[in-house]
Every structure is written in C-alpha cells, then in structure tokens.
Amino acid sequence: MDGKIQDYITFFLTGRLDGGSLMPMDPVYRPAAFGPYSDLTSLRYDFPLVLNRADAGRALQSLSHLVDDAVADLADDPERDRIARHGYAIEMDLRRELDVSGSGDFHELWHAASDRLSKEREDAIKDSADLLWNLFNTEGIILDAERSVPFRAVRHLWSAVQADKAKDFRRKTERLLLKLRGILNAEVANSATGRAPEALRAGVGAGFTNAFDFTGMSKILMDSKPISALSDGRRQRIRDLIEVLEGQKFFSLGNEEAATYEFAFECSSEALKAYKERHAEAVSLTRALKMAELEAAGEYRERMHDRIFEGFGERGLGFEDLAELPDYLVCAEADELDAQESSGIVEMLSAGIPVKIIVRTDDALQPSPVAEGHANLGGRSKSLVDLAIGLADVFVLQAGASQLFKERDGLVRGLSYTGPSLFSVYSGSGKESKGIPAYLASAAATESRVFPSLTYDPSAGHDWSSRMSVGNNPSPEDDWPDHRLRCQNSSLQAETVSAPFTPADLMATDARYFNRFAIVPDGADDEGLVPLNDLKDFELEGLPEEVPYIMLVGEDNRLRKAVVDLRTLTEVRRCLAMWHSLQELGGIHNSHAERLLAKERSERALDVTVSEAPLTVAVTVGETATAEPEEVEDAIAEPVGDDPFIETARCTSCDECIQINGKMFAYDENKQAYIADPDAGTFRQLVEAAEGCQVSIIHTGKPRNPNEPGIEDLIKRAEDFQ
Amino acid sequence: MMDSGHSISPSECLLRMYEEHHEIEDYQKGVPRWCTGCGDNAILAAIQRLCRDEGLLPEKTVFVSGIGCSSRLPHYMNTYGFHGIHGRALPVAEGVKLARPELSVFVNTGDGDCCSIGAAHWIHAVRYNMNMTMMLHDNQIYGLTKMQASPTSPIGLKSNTTPRGSYLEALNPLTVTLGISNVSFVAQVVDWIPEVLYQVISAAYHHKGFSFVRIIQRCPEWLPKLMEPWLHDPQRVLMLHHEDGVEISPAVAKVYTRMEEHDPSDMNRAREIASSIDPIPTGILYRNEEVPCYEDVRLDGRLRTASLVKQGLEAEFDKFTVWPDASGQA
C-alpha cells in the first residue's frame, strides 16, 4: 500500500498525524460552503430583524422584506428606481452599522444611515428615506443576529400576543362592568331613593332647579314605580363580581396606578411559584367572568348555576378556562440547564400550566460531559424537545436563529396555542465558533441537520401528518442541502464542485474538533480519498481502501480537502439517522407509507393480470348489476281502511275543526291538527269539519255509529272527503 | 385539549347542560281573536314552532307590529312585543335592534299597514338591511276595519271603499322590494302550505340581514272566495326549490308538482318570477349574504360608557358655546 494512503488510513482510524502526508487543521480553513459568505454585510438576507410594535401578525419584520414591500408599493411612482436604489443603499449601510452595534432604535438608525449617505452622495437620499419610512409603517427595535436574538424575538412576539389578549380581556371586562353597574344603577333609579325629589333635582342640573316641581314629579314617579327589585342575594352577587373584576391583577384595565402581575421569568421554579400563588385568584377571576356573563345577559338562574359555581375550579382549571388569562413565559439557557431546572421545565409542560418556554442553545456542538471528546450534536435542548413532543399536547418549535423570520407564523401560533409550548432556538453565538457570524453559524447548524427546524402543533389535528412539519428546513427531502460551488481548477478551467453541508463541515468550524480533521496538501491526487457524502453507509468491516474527506476553503480562497476521522464519521452517521427519523415523522420518505405503497402496487399489478383472464367473472358481475331494483317503498304512507284521518302536515292551524269538537280534533306538537279520538264526537261533526276545512285535508272515513240520525244524508255529503 | 381551537372547558359544558329549553306552549299566550279559518293562525303556528326549534329565549325575542288583523300577533306570543301605530312597525323594530342588537326581532305587518301608510318605512327598512325578519301578512283587504280595498287588492275588487270595483292594478310587494337598493332576502309563501311556510320563515330568520317574507293569506270573512282557485288547484302554485333555497319534501312534492329550480342568488330571474301572479311562486326568490347590516355599519363597537356619552354631549355643547376671546373677555 502506498505510504500516503497508509497515513490517510492511520489518521482516519486513530486521529494521529503520522507520516507526513497530511497537515494539521488550521483555523484559517472554513467549510467550502462558507466561501461565498465571507462578508455578510454585503448580502441581502432576513437579518437584521425589526421588532415592530404592532399586533402579533406584524410584530416580527425583516429589514430586507420591508424595503422590498415598500418598493413594490411604489410600482406606479416614476421615481421608483431612484428610491429603490437609495433604499438598498441605506439598508446596506444599516446592516454594516448593526454588524458593529448589534441593535438600536429602527427609526433613529434608519435616518442616521440616510444622513450619512446623503453627506457622501446626494441630498435626495433623505427624501427617499422619508418616503420609504412612511411606507414601512413600523416602529420599534432593529437588531442583527446576536446571542440575545432568540429571547428578544420570542419575548417580543409573546408580548404582542399578550397585548392582543389584554385588549380582548379589557373589552370584555369593561362591557361586563358596565352591564353589572347598570343593573345596580337601574335598581337605584327605580327605588324610592332614586325617585325622591332631591334625586330628581340633582338629575336635571343647576340651571333648572326652579323650573320644575320636583315634589310633584316625585309623587307621580313614585306612583308608577316598578314593584320588582333585586333580591338581596343577586345584589350581593353582582357587587362581589364587580369587586373581583375591578380588583384583578392579571391585566391592566387602563388604570396605570393599579399594579399588575409579571408573567415573564428566567427560570421555571420562579414561574411555577408565581403560578401557584396566583391560582386561587385565577380561579376566582375565571369564575367571575363566567358568572358576570350570565348576569349581564339576565340568564343567571340561582337554582341551577349556584351549584355549578360553588365548586368551580376545585379540581384545577383547564387550558380552555385559563385561555383568557396571560400565559407564563420562561426564558432558559440550554447550556446552563441543570437536572433540577430541566425537570422543572418538564413538570410545567406536563402539569397543565399555560406556560411558554423558550430554551436558547448557544453551543450546538457541546462535547459530551460523559464520554471524553464525544460530540453531543444538537445540544442539551434536543432531549427536552423529544420529551416535550412525547407529551403529545405540547406545542414544540425548534429552529436556528437564522430561521426566526421564516418561522414567525409558527412562533405566533405556538404563543397563541391554548396549552403549553416549547421553543428551542439556537443562537449561533457559542464561544467556540468565534469569528463566524451568529447568523452563519445558526444557518449552518440548520443545514447540517445538527439543529433542524421542526414544528409539532397539537392543535393542527390528531395524527403525525397534521401535527409534525419539517418542511421549513433547506432541501427537506435530501440528506443534506447540496451547495454547488463554481470554481477554477488547476488548469484554470471553470468547474462546479458539489459540497453538501454535513455535520462534519459544521464541526470543522469549531476549534474543539480541529483534531478530527487533517488537511491534504496541495498537489496530492484523489487516490484513497472519497467525499464523506459517499460513505453514508460505511461500516468498518476490514482495512478501508478509501477515507472520507470534506472540502474546506482557506483565506486565499483555494479549495482544500480535509480527511475526516472515523469518530466524526460515526457521529455524522448518527446525526443523519436522527434526521431520517425526523423526516419520517414529518411525512418525508416515511418507511411505513413506502412499504404500504409498494405492497399496494404489487397487489394492483396482480389484479390487472387476473382481470385479463376469466371472462366468466365479468359476466357474473354484470348479471348482478342489471338485477331489477327493488321497488322503492312509498315514503308518504296514508292510513287505509274506514277510520277518519287528517293530512296533518298540510294543516294550517286555522282552528276550524277544533272549534267544532276540541276532543275529537287536537293539535300536535307543531300545532297541526290530527284526529285525537274518532269516538269523541259524531259523524256529523266529522263531516262538518271536513266541509269547513279550507285546505280539505280532513277525511271522514265510514260512520262508526250506523244509527246516527240523518246518517244517509251524511254519508252522501262525506263522499267528497274519503 | 387535542383540538384546542374547538374544545370547550368542562365548566362551559356544564353550563350548556343547564340551558333552558321551551316547548311550543311556552310561546303561546291567550286565545287568538282571529276568525276561524284565518291564515294568521297558520303564520302564528309556524312562528311558535320556529321559536321552539331555534330555542329562542322568550325574554330575548321581540315581535313588533303596526295596526291590522296581522298586527295582533304580538299579543299571542309569550315574548316581548310592541303593538305599534299604523304603518310604523318598522321604525320601532329598527330602534329595538339598534339599542339591543342581541335580541331576535320579528315584524308582523299587513298589506294595508306596510304597503299603504307604512310604505316609506318599508322601502328604507329594506335599504337599511338590519338583521330582522319581516312578515307581510297579505290578505289583500283591510279586514280589521271591515273590508276596504288595500294596495294589493286585485283590480275590480268591490269593497266598502270601492263599491264599483277598484280602479288600480294591485301593487306587487315582491317586485317593489326587489327593486330597492341593499335588498338581501325576498321570499314568498302561501299560508295553506304549512311546511313550506315554516321552511321559508326559518330561512328568513337565519339570514343575516333584513328578510322580507310576503305571505299570501286567506281572509275567510271578507274575501272567502278570492284564493279558492289557488287553494284547490295545486298546479297554480309554483314551488321554487334549490339547494341554497328551500328543499321540497316528498309529501309536499306529491301534491304540488309544479316546480322550478331557482338559484336565490340570481336577481334577474328572481325579478321575472316575482312578477308572476298566476301561478303563485312560493319559496326564496332572492338572497344575498354580502349586503352589510346597518347596525354593523353604524355601531363602532365602542362601549356606551358614561364618560363616552358625556364626551359626545360636551362636543355637541361646545358647538354652541361662546368662547372668551384672546383677551379673556367674552
């Protein structure tokens, strides 16, 4: 075996750089797919984000989308091209500024950028900036991808959802208070006190105190006073309800001085403690809202409702009951999650508490604390996400920070979900990936499937296909997204190189894992090397002939190959297996479905063969199909025989027959006549009723008493009504 | 919990268990003073059935009427009612609906009450399109005042005011209503086919907007023969049916075999059908759910709190206030 290849295999199996055919990994090398993204500030992408002070639907915006939408709105403007050019220039300048400062007030920074550019270039930039700003219809904070983004963005959206909730609560409570006070006020106005001369005088204002005879007026009004008054129980109940609604501390009712509770916490134990402390008040408020709604509608019946409300909330409240109250927010850092905090989070998620938990991961490649040097791909949050999905009724969303704008609808859905939610977000700002922008790091974690995007929404349906979605990942159908790099080879010929972004590429950005890569020197041929992508099914069953490599790029923009060691290959394969199972849950390449489909196809193929053969089968089927259809039974059955009857459905409730004999003829539950008792009257009455019936639906039948006086004549008259 | 969007809490569920249910007798009050054989009885029966089937709370339901035989109807309903003045049922009903939008409002009026003295209110009520159901009991005669010609009396009808026969063609309430802006529901039915009468009134109740139902009604006292030919010849009734309109039951279809499938969204065909006097078209002629309701357009959702009312009054008073000039003197 060639000595060079021996060196490759030695490194692959042991990670040792023996020989001299390979060079140690150097921090200047980065994954080849990073090549085009060396300067993010010169590119247009989702970041920076704008935390807009608006309703939840518009609360999270992307600067580039805002500019694009505003330019699209200017479609008919003759100056559109100029304004768009200025807009893009300001956007670029702002992106550069945020690369340094991180975040700031959007309005201030936008206009500061336009001021800077107008000094350098032309004054018209300021006009364009103003025009675009008005079209943005946005105000708030603008921030670049940085460590705090996951917390800030989710908390901002949570606040927007809570603000919508508060608005609904305020509107409802104000309406209920108005109604409840109205009931009490009406009682006063109708009482002797309300109709006393002094009360009437006070009611018309100072200018008319001498214009009326209030004593006389009071006397008249006292005479016509309604006699009904509120019962003591109802009056007290309404007063109690008003007290509860006015005294609640869950939402502000517009009175700035009244203190309201805080609902955002940094750890689950504090949130749980607050939840428990406020539980009795939450029960009391929820109960009051339901009772007040009934009172306001005048539908509270003590006999029935007292019982229900006496025991209300004794066994806790359901999510639906709590849906009107604020949700608790917990912002936790995955890297600092100890066993106690993790179990606290799981407890809260499974205990029927309306909590929204955001777990931020800064280090997606944390080495395992147990096995020396083993990489724990996906970080600690992965097990939490798996556990939460296992609880079945927790809304779970996982994404890299770079995906936040794309995932905004899912975030809002999770925050509005009536039940607990878990958001796991990777910030891309780990200490070890220093030098790589947070946006790029988090995007890389998503692409490599180390931190894939997923949404599990229990409100979407009952099965996995409705609940689970992994569609927001790049190239969700593939193992890894394939980056096609255009480059020149050593003969200066342009060629396209395929560079799928694998977990190994991600690890090559992290100094802790540099010893797992060895650089192949310039000029070495491809012998003994194979792209890592081609070794997905690798099993060590003997001395390998080829070792895997990934493509890196140096500062000189030259592509280099780096051999990957076996430990990394094993971890890459495990990560891929986890991605495959996630794909299956999300309905992509589902093995059960594919197996069933194959079975169905083979059975169908068999059917086709069979149907071509025996003609006798077809004949038999044909005979059955042409069989005489059974006679449809007449749907409208009428009584037969000699008994009298009424076509009740056609009765116009005109009282004609009832007036003749109210025992013989009666109304049914729809107030339409039928013959209740043919023996309760005479045949004469039947005949007269039939003659009087304007819609002619009474049928007399035969006389029951042949000895009735004048029966001959009656039978003749009844001939038309058989 | 699984379908959080649709599920309700156990306590909500328990509250529903205690919701009140009423029988048809709960909506009846007193013995109607209408003549036996009068079509008003059939209308009353259909309305009481509707109230029961829809579970309308008597204290949340209002029947408003004007003057005439038809307008006695609120007296026989054990709900709230307003027996108004001649021709003015609609303005009263509009006021009720504007002040209390949560109430179910019905208007019962006659051909004299609606088409003569109340004609202006009728036109504007259609245009306002407030969510209520109007039933025009059309017996083509003033019955309560003992037989005077009404606007819908057929030409040549001899009455106490037209002893030589009426001179004018009858007014057609359907074509008039279909010609008014914002019209959203127009139907016609005869009192002697109770099942269709019920179906049409029910559809009118469910329509969000102003539902106009003309009910051709017999007057056995003053015009006993007028509707006889139609009453006894089912071929002279044209049953309109459609999946978006009224579906005819087999029992009715067996007797009334003359049918036409008519899409209630087709205004042009509705106008053609409306102008037919013989046969009498029966069913929903026109329906448009898109027309906005006046109460929705007018009410902005703000609560009428004391401070809001005061603010409004102050703004009005300010228009008449003499403000001191800059020097501080009035």
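Every chain is numbered from 1 and lettered A, B, ... according to where its sequence line falls, protein lines coming before strand lines. Please read all numbers here as calculations on a predicted model, not as lab measurements.
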Measuring only between side-chain heavy atoms, which start at C-beta, is [X] closer than 4.5 Å to [Y]?
X	Y	result
A:Val695	B:Leu231	yes
B:Gln28	A:Lys671	yes
A:Gln694	B:Arg218	yes

Heavy-atom contact with chain B under 4.5 Å, split by part of [X]:
X	answer
A:Leu177	neither
A:Glu174	both
A:Phe309	side chain
A:Cys651	backbone
A:Ala323	neither
A:Arg171	backbone

Measure from the side-chain N and O atoms of B:Arg52 to the backbone N and O of A:Glu669, and report whether any donor-acceptor pair falls under 3.5 Å. yes
Can you tell me how far the [atom1] atom of [X] sits from the [atom2] atom of [Y], to the nearest 0.5 Å?
X	Y	atom1	atom2	result
B:Asn41	A:Asp655	CG	CG	4.5 Å
B:Glu195	A:Thr648	CD	OG1	12.0 Å
B:Leu44	A:Cys654	CG	SG	12.5 Å
A:Ile658	B:Thr36	CD1	OG1	11.5 Å
A:Glu656	B:Cys35	CD	SG	10.0 Å

Between B:Ala306, B:Pro194, B:Ala42, which has the largest tally of heavy atom pairs under 4.5 Å with chain A? B:Pro194
Residue [X] excluded, over 12 heavy atoms near [atom1] under 6.0 Å:
X	atom1	value
B:Tyr80	OH	no
B:Arg304	CZ	no
B:Arg33	CZ	no

Name the member of A:Lys290, A:Arg287, A:Arg181 that forms the most heavy-atom pairs with chain B at distances under 4.5 Å. A:Lys290
Which atoms of [X] approach chain A - backbone, side chain, both or neither, heavy atom under 4.5 Å:
X	result
B:Ile43	neither
B:Pro220	both
B:Glu25	neither
B:Glu23	neither

Charged N-O contact under 4.0 Å between A:Glu299 and B:Lys60: yes
Compare every heavy atom of B:His232 with every heavy atom of A:Ser696, then report the nearest pair and how far apart it is. OG-CE1, 3.4 Å
